[in-house]
Novice: 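Quick one: this structure, given as structure tokens, is what I'll be asking you about.
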Amino acid sequence: MTKWVYTFDEVSEAEALVGDWDSVRGLLGGKGANLADMTRLGVPVPPGFTVTTEACNAYTDAGLTVPEGMWDQVRSALDHVEEKTGKKFGDPKNPLLVSCRSGAKFSMPGMMDTVLDIGLNHEVAAELAEISGDAHFAYDSYRRLIQMFGSVVLGNPDEPYEEILEEFRAKTGVATDAELPTDALKDIVERFLEITPRFPSDPDEQLKLAVEAVFKSWSGKRAVDYRNASNIAHDLGTAVNVQTMVFGNLGEDCLTGVAMSRHGATGENHIEGDYLFNAQGEDVVAGIRATIPVGQMATDMPKAFEELQAISDQLELHYRDMQDMEFTVENGKLWLLQTRDGKRTAQAAVRIAVELVEEGKISKEEAVMRVTPDQIDFFLHPQFSIESRKEAKAAGNLLAEGLNVSPGAAVGMVAFDADTAVDWAEAGKKVMLVRPETKPDDVHGMLAAEGIVTSRGGRTSHAALVARQFGKPAVVGIAELDIDLEGRTMSVGDRVVAEGDFVSIEGTSGEVFVGQLPTVIPDINDRWLSTLLGWADEFRRLRVLANADYPVDAKRALEYGAEGIGLCRTEHMFFEAERLPTVQRMILADTTEEREEALDILMPMQRGDFRGLFEAMSGMPVIIRMIDPPLHEFLPAQGDLEHELHDLEKDTAASHDAEIKEIERKIGRVEGLHEENPMLGFRGVRLGILMPEIPKMQARAIIEAACDAKENGFDPKPEIMIPVSIHVKEIERVKGFIVEVANEVMAARGIEVEYQVGTMVETPRAALTAGPLAREAEFFSFGTNDLTQTTFAISRDDAEKSFLIKYVEDGILPVNPFQTLDRLGVGGLIKIAVEGGRAQRPGMEIGICGEHGGDPESVALCHEFGLDYVSCSPFRVPVARLAAAHAAINDA
Ligand code: ADP
Ligand code: MG
Ligand code: MG
């Protein structure tokens, strides 16, 4: 016979049956498992039992029929509870009251609300009034039961109940329900029963209906939607906890409250929370009465507080993490009603992890694993300050909460379509794009906006994917947000926001506020964060380098913990306003001499840039890539030149023959350089093969800069990287130019510089012929942006505008391969190349540059493929450091 029911005393049996704690949580739900576990620890928990998630699944599978034997087991468990409490369920003389609480493996909104005070009816209430000597308490509990049962179990609307309460508050002249006199409560009970004709007076019937209602809520629309949106499996089921009631509403030495063992927002190590005297259940969170900060309990009820503090410490030690607890004090006696690992902000997560290590409670490794790369990302985006969020909430300005799909805070004026967003952004306004959902047509608006809000869609919706892609904060899937595109307003309940009004969103938490909240940038040098990242560095095997083109970027990268430069794109230096004309002259030159003249001007400029990099990164590798993009990217648009020509020809006042000739020549060159597929065209190493003067100039600038740096007492480690190679002969040729120049420079300067020449691997052919390439190339760096494009034969710029996001939304591709490395395809090529390269040149340095270097999942793959380093944008360096540590720890 399947065991459908476990009393809180049977947790060891459950554990023996299913094996590990995670499975116990699967069977009993998080709430039930921890209630039983606390019971085992000797923490005061009101006796009770748990109906398993398996029973819920059996119920669902059998078309809403309770599995055989379940009610009998419930009855036996109830016997056990009656024995422990000395009370009897349904016995008016000595009544046991219980609560019925849902609890899945993961805490989940959308599940059925708790029903308290089950077991009351007219007779029991009357006796309870006698026994407790507190009629007010008895009828207060009774009216709560009818209302909760009516709305939660029977699905009645709440308003009629609230209206009756309101009527009686007015009639008796009191402000809160707690102050209603006993007679009024009795009348309320009668009125409630009138509008709840299906309320069963039989306690057994009450319990059965409540348990079944919890089972049903698992398959209810709200719960299903939530699981879909957050990728929770539908076959987990929910458990039901039935637990002896303890009463926080039994007079003035009673209270009910919630507490965290540490501060959930800042991570400070002191108990934090709120309570209310003479209250029950949800009163504390419902915000009907002003709550009291938990610290005040030290004065109000010192014994109970001391015990709460001790239990809080005990539970933290046991669960080895910050705890979020629910408790009640009945006539001075403390009871724990729930504990779970507490939710926390990224800041608090980091601080708590570090302090738990410092207190000797967890290991450094665990601390590193407790913080997610996404949480590190938090430190790199603007945020709303804790105070401003608190104030906004207190002022009632929290409009709604949705899915937190793209981190960071953003403030903007609501725009309901992409074109409006673009228009306003161009007029210098800050815009928040709000749509029911987004489509490819909306992308221009999404880019123009500070942040994105949608009422529909989940974590893999178009809006979520695009927002993450472009680093825009976003909150999606806000079910209660009504968007009226015609009326140009949106609303939640009766709160209306018009187009043009300001809203503030917090993409890390999923909150949407009305109005403008001030933003702050969290401190990356925060003591706790640097400690944690320092520990991460102890564990990771991958080195983390940065993509940096200028000395300022190099300095920032160093601050963030980079160990060198993995990619310096030299062409960025060419685009600077004062250099571009010379670059254009160089490209448009008809003869080698003319080209060399222009290059002679550019050389010292590049040399200066490189020296800055070498000096900033003394002792660390600086990988410099030779010019890569198609040359036409540097040239003026043909249309512009034609306009210029036209204007000159129209001007008859003076003769422009020479100028016209020059422009005609330029147009000819631009036409000549035009390509149908520039991405697959005249670029990368191909430029250097046809125009050797360019790599020679760049090699000279690099080696001279290294000599300069060395003379200044620095330790330059230049690595020269050849892009887009497809054949070893290309490398052989260009390496020849480089070595020739380097030898010449070093001889002239009388300085030896150690340098390497390697190549990027960014075409399938390069990967497949890595062995031969490695005969010449001394190192490899996977340019995974291009390697992904060439492997998929997909142009990123075009694909993301048209079909790619749809592919991911529909699950044809699991992720956007430009964001997260494609394990099988691109990853397969990487594996082949690593093997081929190292077979030819044992121990050669291999890494990746490209945006994947800052993506946690891709970093884990790089670890798996045995790369030496990842290189990413300076801002992503801390994220990559932690991700690399996670990969190494998971590996070990
Ligand atoms: P949720 O999952 O929404 O937090 P709970 O099942 O934890 O719902 O119940 C909400 C609140 O109801 C608890 O915090 C507690 O205050 C109260 N409650 C639940 N069961 C009992 C009980 N047996 N005795 C007293 N209060 C209870
Ligand atoms: Mg709870
Ligand atoms: Mg490339």
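Everything numeric here is computed off the predicted structure, so don't read it as measured data. Just so you know, ligand 1 is whichever comes first in the structure, and atom 1 is the first atom listed for that ligand.
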Novice: Could you verify whether a donor N or O on one side chain and an acceptor N or O on the other, from H122 and E190, lie under 3.5 Å apart?
Specialist: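 Side-chain D/A pair, H122 to E190: present.
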Novice: Using a strict cut-off of under 4.0 Å between a residue heavy atom and any atom of ligand 1, list the qualifying protein residues by chain and number.
Specialist: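 The answer is K31, S99, R101, T114, L116, Q243, T244, M245, V246, T256, G281, E282, E326, L337, Q338, counting any residue whose heavy atom sits under 4.0 Å from ligand 1.
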Novice: So that I can tick it off, tell me whether R169 and E166 are bridged by a salt bridge, with the cut-off set at under 4.0 angstrom between side-chain N and carboxylate O.
Specialist: yes
Novice: Taking only residues two or more places apart in sequence, or in another chain, which ones meet A233 in a side-chain contact (heavy atoms from CB on, under 4.5 Å)?
Specialist: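 Applying side-chain contact (heavy atoms from CB on, under 4.5 Å) to A233 gives D235, L236.
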Novice: Could you tell me if the side chain of F8 sits less than 4.5 Å from the side chain of V81, heavy atoms only?
Specialist: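 No. Closest side-chain heavy atoms not under 4.5 Å.
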Novice: Checking L17 against E13 for the side-chain contact (heavy atoms from CB on, under 4.5 Å) test, could you report, in this order, the C-alpha distance in whole Å, the side-chain angles of both residues, the deciding distance, and whether it holds?
Specialist: CA-CA 6 Å; L17 189 78; E13 280 88 329; over 6 Å; no
Novice: For the Mg ion (ligand 2), check which protein N, O or S atoms are under 2.8 Å away and list them.
Specialist: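 Metal shell, protein only: E326 OE1, E326 OE2, Q338 OE1.
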Novice: Apply ring-ring contact (aromatic ring centres under 6.0 Å, His included) to Y6 and list each qualifying residue two or more places apart in sequence or on a separate chain.
Specialist: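 For Y6, no residue satisfies ring-ring contact (aromatic ring centres under 6.0 Å, His included) once neighbours in sequence are set aside.
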Novice: As a quick check of understanding, evaluate salt bridge (charged side-chain N to carboxylate O under 4.0 Å, His left out) for K3 and E10, giving each step before the final call.
Specialist: CA-CA 11 Å; K3 192 163 164 56; E10 290 177 317; 3.1 Å; yes
Novice: Cation-pi check, K216 to W218: give yes when NZ or CZ is under 6.0 Å from the six-membered ring centre and within 45° of the ring axis, no otherwise.
Specialist: no
Novice: Give a yes-or-no answer on whether the side chains of T52 and E54 include a donor-acceptor pair shorter than 3.5 Å.
Specialist: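 Looking only at side-chain atoms, E54 and T52 do not form any donor-acceptor pair under 3.5 Å.
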